[in-house]
Amino acid sequence: MAFKLWASSAANALKISCNGARAPLLPAFSISRCFSSVLDGLKYSNSHEWVKHEGSVATVGITDHAQGHLGEVVFVELPESGTSVSKGAGFGAVESVKATSDVNSPISGEVIEVNTKLSETPGLINSSPYEDGWMIKVKPSRPAELDSLMGSKEYTKFCEEEDAHH
């Protein structure tokens, strides 16, 4: 256990990402300037949440960059369906072995679905932040708010600049 924690800390310090489980066609690990993945087609907030807008539903989660900085996620607090969320306001929390962090909504609207798998398996946020680790689905009340969020290139640059200052 201690070795695993040390290896995880060392990998984070060296910016080594073990992506073998997610992408079997890639090498077991890769080294890059920005060790986290950023997907095209999503919108990103400066507090490290992502949004995938499809029709009348916006799926929300935390980014790979955020989960990488948090470390192993051990608990997730989410709102109930029917709850209203506001852009920039907290809707839940993520607790990891390193810290507890509030999760802010990148868009205003009504929560129409909550990822209940996260209560049993919070580590999905680490292993699959953009797929199985989604947090809430929202019916946006102001879809134009999406226009103020960053695209993938902007978010990648934002993360690189933020990491350079830490």
Side-chain angles (χ1 to χ4, degrees), residues 1-30 32 34-85 89-107 109-140 149 152 155-156 159 163:
M1 178 74 166
F3 178 75
K4 184 177 178 183
L5 291 174
W6 174 84
S8 175
S9 297
N12 282 336
L14 294 171
K15 299 198 184 313
I16 296 174
S17 175
C18 298
N19 291 327
R22 281 186 247 165
L25 299 176
L26 297 175
F29 64 90
S30 62
S32 64
C34 184
F35 63 93
S36 56
S37 61
V38 177
L39 302 183
D40 288 333
L42 302 181
K43 293 290 200 165
Y44 299 89
S45 70
N46 61 5
S47 56
H48 303 287
E49 290 84 18
W50 58 265
V51 180
K52 181 177 185 179
H53 190 224
E54 296 176 299
S56 63
V57 177
T59 304
V60 176
I62 65 169
T63 66
D64 191 32
H65 184 82
Q67 73 79 22
H69 281 279
L70 282 169
E72 182 184 351
V73 175
V74 295
F75 179 76
V76 180
E77 179 184 331
L78 297 173
E80 294 182 14
S81 289
T83 303
S84 291
V85 293
F91 70 79
V94 175
E95 184 178 328
S96 73
V97 294
K98 293 181 182 179
T100 298
S101 229
D102 289 334
V103 182
N104 298 320
S105 183
I107 190 166
E110 179 186 343
V111 176
I112 58 171
E113 189 177 346
V114 175
N115 188 349
T116 56
K117 291 180 186 176
L118 295 179
S119 60
E120 292 289 322
T121 315
L124 289 172
I125 288 176
N126 299 114
S127 62
S128 184
Y130 299 115
E131 293 174 16
D132 297 331
W134 64 272
M135 301 177 91
I136 60 173
K137 293 189 180 190
V138 176
K139 180 179 178 185
L149 299 173
S152 59
Y155 182 67
T156 298
C159 290
D163 286 348

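The figures that follow rest on heavy atoms only: side chains count, while hydrogens, waters and symmetry mates do not.
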**NZ on K43 to CD1 on I107, rounded to 0.5 Å** = 10.5 Å
**Reported CD1-to-OG distance for the pair I136 and S105, which is rounded to 0.5 angstrom** = 5.0 Å
**Complete:** For H48 and C159, the nearest pair of non-hydrogen atoms, with its separation, is CE1-SG, 4.0 Å
**Request:** For K139, enumerate each residue passing the side-chain contact (heavy atoms from CB on, under 4.5 Å) test, keeping only those at least two apart in sequence or located in another chain.
**Result:** I112
**Message:** Applying side-chain contact (heavy atoms from CB on, under 4.5 Å), can you list everything that pairs with A93, at least two apart in sequence or on another chain?
**Reply:** E77, T100, D102
**Request:** State, yes or no, whether a side-chain contact exists between K137 and T59 at a heavy-atom distance under 4.5 Å.
**Result:** yes
**Prompt:** For P122, what residues pass the side-chain contact (heavy atoms from CB on, under 4.5 Å) criterion, not counting sequence neighbours?
**Reply:** V73, V76
**Asked** With side chains defined as the heavy atoms from C-beta onward, is the minimum distance between M135 and V60 less than 4.5 Å?
**Response** no
**Asked** Do L70 and I62 have side-chain heavy atoms sitting under 4.5 Å apart?
**Response** yes
**Request:** Please name the pair of heavy atoms, one in W50 and one in P106, separated by the smallest distance, quoted to 0.1 Å.
**Result:** O-CG, 4.4 Å
**Prompt:** What residues, two or more places apart in sequence or in another chain, satisfy salt bridge (charged side-chain N to carboxylate O under 4.0 Å, His left out) together with E54?
**Reply:** K52
**Request:** In sequence, state the C-alpha distance, the side-chain angles, and the governing distance for L118 and L124, and then conclude on side-chain contact (heavy atoms from CB on, under 4.5 Å).
**Result:** CA-CA 7 Å; L118 295 179; L124 289 172; 3.9 Å; yes
**Item:** Y44: partners by ring pair (Phe, Tyr, Trp, His ring centres under 6.0 Å), with sequence neighbours left out
**Value:** Y155
**Request:** Identify the heavy atoms of K98 and G68 that sit nearest to each other, and give their distance.
**Result:** NZ-O, 4.3 Å
**Prompt:** Under the side-chain contact (heavy atoms from CB on, under 4.5 Å) test, which residues partner E131, sequence neighbours left out?
**Reply:** S128
**Asked** Quick one: does H69's side chain have a donor or acceptor within less than 3.5 Å of a partner on G71's backbone?
**Response** no
**Message:** For a 4.5 angstrom cut-off between non-hydrogen side-chain atoms, does Q67 reach V94?
**Reply:** no
**Request:** Kindly indicate whether the side chain of E49, heavy atoms from C-beta on, has any atom under 4.5 Å from the side chain of L149.
**Result:** no
**Prompt:** Closest approach of V85 and F91, non-hydrogen atoms and distance?
**Reply:** CG1-CB, 3.7 Å
**Fill in**
CZ (F75) and OG (S119) are apart, to the nearest 0.5 Å, by 9.0 Å
**Asked** Counting N and O atoms only, with roles assigned by atom type, does the side chain of Y130 sit under 3.5 Å from a partner on the main chain of L42, one being a donor and the other an acceptor?
**Response** no
**Request:** Indicate the atoms forming the closest heavy-atom contact of P140 with S56, along with that distance.
**Result:** CD-O, 3.3 Å
**Prompt:** Just by modelled atom types, is the P129 backbone N or O under 3.5 Å from a matching donor or acceptor in the D64 side chain?
**Reply:** no
**Request:** Compare all side-chain heavy atoms of N104 with those of S45 and state whether any distance is below 4.5 angstrom.
**Result:** no
